[in-house]
Amino acid sequence: RSSTANQLSLEEFRRYGRQMLVPEFGGVDSQIALKNSKVLVVGAGGLGCPALLYLTASGVGTIGIIDYDTVDITNLHRQVLHSTDQVGNFKVDSAKSYLSSLNPNVNLITYREFLTNFNAFEVIEKYDLILDCTDTPMLRYLINDASVLLGKTIVSGSGLKTEGQLSVLNFKNSGPCYRCFYPKPPPANSVTSCQDGGVIGPCIGLVGTMMAVEAIKVLANSYTLENFKPFLTIYSGYSAVSQSLRTFKMRGKKLNCEVCGENPLISKDTIQSGLLDYNLFCGHPDYDVV
Amino acid sequence: RSSTANQLSLEEFRRYGRQMLVPEFGGVDSQIALKNSKVLVVGAGGLGCPALLYLTASGVGTIGIIDYDTVDITNLHRQVLHSTDQVGNFKVDSAKSYLSSLNPNVNLITYREFLTNFNAFEVIEKYDLILDCTDTPMLRYLINDASVLLGKTIVSGSGLKTEGQLSVLNFKNSGPCYRCFYPKPPPANSVTSCQDGGVIGPCIGLVGTMMAVEAIKVLANSYTLENFKPFLTIYSGYSAVSQSLRTFKMRGKKLNCEVCGENPLISKDTIQSGLLDYNLFCGHPDYDVV
Amino acid sequence: MKVTVELLGGLHQIFTFGAKIVDVNVLEEAELGALVETLCLSLSSSFSNCSPSLADPVYRTSLARFVDCEHLQLTGEYKIIPGIMVLINDVDWELFDEEETVLHPNDVITFTSTLHGG
Amino acid sequence: MKVTVELLGGLHQIFTFGAKIVDVNVLEEAELGALVETLCLSLSSSFSNCSPSLADPVYRTSLARFVDCEHLQLTGEYKIIPGIMVLINDVDWELFDEEETVLHPNDVITFTSTLHGG
Ligand SMILES: [Zn+2]
Ligand SMILES: [Zn+2]
């Protein structure tokens, strides 16, 4: 932290020089934009691990990590930020211990908590960009609603088995949100977790890595209100030949969206009061949080 | 190492359970195939770091790492396996220190050496699959020639700026090799390194992660002589919308290939004797090795 | 006429043909809704030669991963469940007319269930 | 007729139009070699209104990233340098007739320089 917010130290010039050289990145200005950015990563699992590694290495100034899980041996084949000696420790602590040595310039803030109706606004409002690295529809709707109401862009990733999905949601409050894409939650019995369905480590890792690329594009202003187009990108790790990405052109903001539309039904109050019960909404009244 | 080569310990069942669940992976048999595999990763840089993380986590039994570089601060924005306190240490030592705690089941063998005409055969012959994570045409030809002459499949990756390329070469000695794709080296002045051209960390990271996916497919026999089709996959991290992969259908083995063709000019002797001078061949008579 | 159907996000597993990409014949100027029905009927053929009943729990569980079975029972309409994205030539069906979109020869219709794992 | 040219691996930077994807007009039944020549002539127009000489080092350096300048000087032929892959509708040009491949309307021709960084 040897330099001020609007310039880079010699150490930072050397550390980030190779990415500042890339024309698409945008040089020193973009590096300073990264340095002044605050990113919240929700979930330090299969998606969060590579996203955290690359965002920390790239020089994002402040990174928050929220997760209440502890490291389990069944995580280790894919959650490469957690080593075997961290089994039993909180994932946020395990993540912080490696990330702080990867790049001491980054201010790492950890939340050893579930994200809930009650803390979501307090946590999310401190950040500029939210990475949704969670694994249940319930949390995806909660992150979306709080982020939309606080005006935050979301980079959203998910994966299962050999496939993955990626999107940038509520881009600068003008792009479509998760509810615009999915006004109704999926039937509870149609949702499969990585625990139940399994997942190939580098396949989910690839999606987390793509999330880091999208985050850098948002933070360094490669995406603008003029050039941003709503999309859903689908990854397949075992396509007929090699691996594949497909990008689909998606709907814009829906005027009748319950949270980002013209007459929203969802507000900070309906969430914080618990009136909006995400468990119930997603059909998992007995579901464990995270 | 609590179990024999043809079965898995309870610890291994728990650690790898989530990937064994994936139908495309192939269950316990594939996990045992991984355990009995020996993979050589040439280069522990931007490609090697994520490839090593995911292959170690996935349970490949033996992983060799060859690199003579030391960790430099300009590497750290993308080479996420090396932390700041490793600056000045050999990359192979830095890599081993983290990987051995990531998965103590893996036998990690490090070579603090350049790969040269003189040691290439001795090193490569000990392995089943070679990952080319290097950064000069010279080394790519050397790795190719020695691997072809020893009958080894190569997973080849490369990247620069926001783009990347991926291929599986000399597949089971029946697919095309690097020389089939590129019979002649590029003009020396048309080659740009990550040092000169720059690179976005997660973009090169994505290619390394894809290399781990391809390696798992080769080792777990998802690719067979029947279904394997020669390909070149191109990644673009900053495409018009989101990120993209393009997969091209490529030529098969070339009958007139100088190393894998019907009348090869290149042999173990021409390489080991130094008769084939890769520096000269690639037009870099004064080029530093690696 | 022929259209191509892609089934992503694990959806291919519930259909008889089991493939991720399959060509399907529909009537000229058929709407997307008719294609969904055709796909569901192909699914039913994997259970028996005659049309299985929605009361058959195995059949219903499979079908319920694609269409709303309650709605089907009440109305006879095949309605895609929430959480499945439908795309016509790589464009969101909401940018056309959803179920009522008129199909053209060689259109590629992609169905993908939303993944939640992380 | 119109064909679409894609320039990957940094190749777009050497052309006037600077875009990664561009539509190019060629004669009916033109061969791929003729397209390469058309692209190179478009490159030369970025240097001056008249055709620049291969003796101009700036022009030559740029052109040399795409075609063999020595060969051009000797023979007048535009030959793609080693290390550039050429693909016609996503298929390696070696599986057709390389420079002599006859183009068809709306073909997509991809040129990509090989990356070596790691
Ligand atoms: Zn919305
Ligand atoms: Zn060959």
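In what follows, chains carry the letters A, B, and so on, assigned in the order in which the sequence lines appear, proteins first and then strands, with residues in each chain numbered from 1.
- Note that CD1 of B/Ile73 is 9.5 Å distant from CD of A/Glu12, once rounded to the nearest 0.5 Å.
- Of the atoms belonging to A/Asp196, it is backbone heavy atoms, and not side-chain ones, that fall under 4.5 Å from chain B.
- Both the backbone and the side chain of A/Ser242 have a heavy atom closer than 4.5 Å to some heavy atom of chain B.
- Highest contact tally toward chain B, considering only A/Lys161, A/His82, A/Met210, is held by A/Met210 [criterion: heavy-atom pairs under 4.5 Å].
- Among B/Arg14, B/Arg18, B/Gln19, the residue with the largest count of heavy-atom pairs under 4.5 Å with chain A is B/Arg18.
- Heavy atoms closer than 4.5 Å to chain A are found nowhere in B/Leu99, neither backbone nor side chain.
- When every heavy atom of B/Tyr54 is checked against every heavy atom of A/Pro50, the shortest pair comes out as OH-CG, 3.5 Å.
- Expressed to the nearest 0.5 Å, how far OG of A/Ser236 lies from CD of B/Glu24 amounts to 8.0 Å.
- Contacts between A/Leu55 and chain B at a heavy-atom distance below 4.5 Å are absent for every atom of the residue.
- When each of A/Thr56, A/Thr162, A/Leu232, A/Asp85 is scored by its heavy-atom pairs under 4.5 Å with chain B, the top score falls to A/Thr162.
- Of the listed residues B/Gln79, B/Met211, B/Glu214, the one with more heavy-atom pairs under 4.5 angstrom with chain A than any other is B/Glu214.
- For a residue to count as touching a neighbouring chain, one of its non-hydrogen atoms must lie under 4.5 Å from one of that chain's; by this rule B/Tyr98 touches chain A with the side chain only.
- For the pair A/Arg15 and B/His77, the tightest heavy-atom approach, listed with the atom from each and the gap, is O-CB, 3.5 Å.
- For a residue to count as touching a neighbouring chain, one of its non-hydrogen atoms must lie under 4.5 Å from one of that chain's; by this rule A/Tyr223 touches chain B with the side chain only.
- Contact count versus chain B (heavy atoms, under 4.5 Å) is highest, among A/Leu81, A/Leu53, A/Thr74, for A/Thr74.
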Step-by-step side-chain contact (heavy atoms from CB on, under 4.5 Å) determination, A/Val241 to B/Lys249
CA-CA 9 Å; A/Val241 177; B/Lys249 180 182 175 181; over 6 Å; no
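- Remark: B/Arg78 CZ to A/Tyr16 OH distance equals 14.0 Å, nearest 0.5 Å.
- Distance SG/A/Cys203 to CZ/B/Phe25: 11.0 Å, rounded to 0.5 Å.
- Between A/Pro202 and B/Ile216, the closest side-chain pair of non-hydrogen atoms falls below 4.5 Å.
- Smallest separation of non-hydrogen atoms from B/Leu76 and A/Ala57: O-CB, 3.4 Å.
- Ranked by heavy-atom pairs shorter than 4.5 Å toward chain A, the options B/Asn103, B/Val199, B/Leu160 are led by B/Val199.
- Residue B/Ile204 holds its CD1 atom at 12.0 Å from OG1 of A/Thr209, rounded to the nearest 0.5 Å.
- Across every non-hydrogen atom of A/Tyr238 and B/Ser222, the tightest pair is CE2-OG, 3.6 Å.
- Both the backbone and the side chain of A/Thr84 have a heavy atom closer than 4.5 Å to some heavy atom of chain B.
- Residue A/Pro230: no heavy atom, backbone or side chain, is found under 4.5 Å from chain B.
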Could you walk me through whether A/Lys217 and B/Gln243 pass side-chain contact (heavy atoms from CB on, under 4.5 Å), step by step?
CA-CA 11 Å; A/Lys217 287 190 215 169; B/Gln243 300 166 54; 3.8 Å; yes
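- Listed here is the closest heavy atom pair of A/Val22 and B/Gly197: CG2-O, 4.2 Å.
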